[in-house]
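First up is the structure itself, then whatever we jot down about it.
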Amino acid sequence: MIRTRFAPSPNGPLHLGHAYAAMVAHDLARSRGGEFLLRIEDIDGERSRAEFVETFFRDLEWLGLAWDGETGFQSRRLADYAEAGERLKAMSLLYPCRCTRAEIAAAAAAMGPDGPVYPGTCRHREVNPEGAAWRLDVARALELTGPLEWTDERAGPQRAAPGIFGDVVLLRKDLPASYHLAATLDDATDGITLVTRGMDLFPASHVHRLLQALLGLPVPVWHHHPLLVEPDGRKLAKRRGAPSLGDRRKAGEDGQAIVEALREGRFPAGISLSEGLHQAS
Ligand code: GLU
């Protein structure tokens with residue numbers, strides 16, 4: 001049986017791009033007799049706000065996108081993430097790093113999907129681990145796993161290339177986790193068989209495939225869907241004026257009609273779907 005998920009971060013209200021992502025994950029599950037789960041990615045303590053979570057529930061109900069089972073909250077799973085981090089440390093695959101963003105930007109020789117690629121400054125340095133972030137030694141990890149493959153059901157078979165990010169942070173300095181570690185562990189814990197999310201996160205799947213191999217986790221299939229973009233090709237974003245679903249709900253709009261329009265590929269003026277891989281805003 002297939003199981004998909006929608007995994008919003010409660011650092012702002014949902015907008016039409018989120019409705020599209022939730023609809024895709026919901027419909028893929030329903031059309032194949034599977035399950036659709038909701039996960040709240042709320043480990044970003046500074047930016048996550050509980051009030052958004054309440055709104056997410058109401059928005060999804062209003063859209064007519066019913067989810068199955070208990071809603072997962074990343075903030076309740078920190079012990080699992082820390083345990084996986086300890087396992088990776090015991091495998092000598094993590095190293096502490098105290099470099100600032102500015103130092104990385106100054107030293108980087110290349111740009112990656114998330115900005116300047118960390119050039120490995122601390123990989124072979126003695127660094128005080130107290131309060132440091134922990135990075136994955138990607139080359140060493142790949143030596144251990146050998147070449148890895150994964151499949152996106154739209155883009156086809158992929159050879160894992162986690163090196164495009166450089167040595168990613170797996171344990172942040174303020175948190176025993178990072179997006180990559182938490183999302184990968186959660187998808188395994190939740191039994192997600194079809195990881196459904198936007199094309200902007202396509203590159204992240206290279207890293208997640210490596211983490212699955214290192215931690216002995218099941219390997220799902222991925223479905224990266226196109227993104228709703230503005231005329232300039234950038235992702236919809238609340239901060240650039242995309243109206244929130246909550247505002248539209250309160251204004252008395254019909255949520256199910258909005259989803260029906262998205263299903264049929266009818267978008268508001270100026271908004272279209274883009275296949276672009278790097279629509280990071
Ligand atoms: N929490 C992420 C977001 O809101 C999605 C992560 C994922 O689907 O893996 O963009």
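Note that the numbering runs from 1 along the sequence shown for the chain. First listed ligand is number 1; within each ligand, the first listed atom is number 1.
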*Identify the closest protein heavy atom to atom 9 (O) of ligand 1: which residue and atom is it, and at what distance?*
Tyr179 OH, 2.7 Å
*asked:* Would Arg39 count as a polar contact of ligand 1, with the cut-off being nitrogen or oxygen pairs under 3.5 Å?
replied: no
*Using 30° and 60° as the class limits, which term best fits the ring planes of His224 and Phe202: parallel, tilted or perpendicular?*
tilted
*Please step through salt bridge (charged side-chain N to carboxylate O under 4.0 Å, His left out) for the pair Arg123 and Asp167, ending with a clear verdict.*
CA-CA 9 Å; Arg123 195 181 299 131; Asp167 288 350; 2.9 Å; yes
*Heavy atom of the protein closest to atom 8 (O) of ligand 1 (residue, atom name, distance)*: Arg5 NH1, 2.8 Å
*Ring centroid separation His225 to Tyr20 under 6.0 Å*: yes
_If we count only N and O atoms by modelled type, under 3.5 Å, do the side chains of Ser92 and Arg140 hold a donor and an acceptor together?_
no
*Flag Thr196 as yes when one of its N or O atoms lies below 3.5 Å from any N or O atom of ligand 1, and as no otherwise.*
no
*Give the C-alpha distance, both sets of side-chain angles, the deciding distance and a yes or no for side chain to side chain donor-acceptor pair (under 3.5 Å) between Gln158 and Asp152.*
CA-CA 7 Å; Gln158 308 291 320; Asp152 177 280; over 6 Å; no
*Write out the residue and atom name of the closest protein heavy atom to atom 10 (O) of ligand 1, then the distance separating them to 0.1 Å.*
Leu201 CD1, 4.4 Å
*asked:* Heavy-atom pairs closer than 4.0 Å: do any link ligand 1 to the side chain of Val195, the backbone, both, or neither?
replied: neither
*Do me a favour and list the nearest non-hydrogen protein atom to atom 5 (C) of ligand 1 with residue, atom name and distance?*
Ala7 O, 3.4 Å
*Arg3 with Asp68: basic N within carboxylate O range, under 4.0 Å*: no
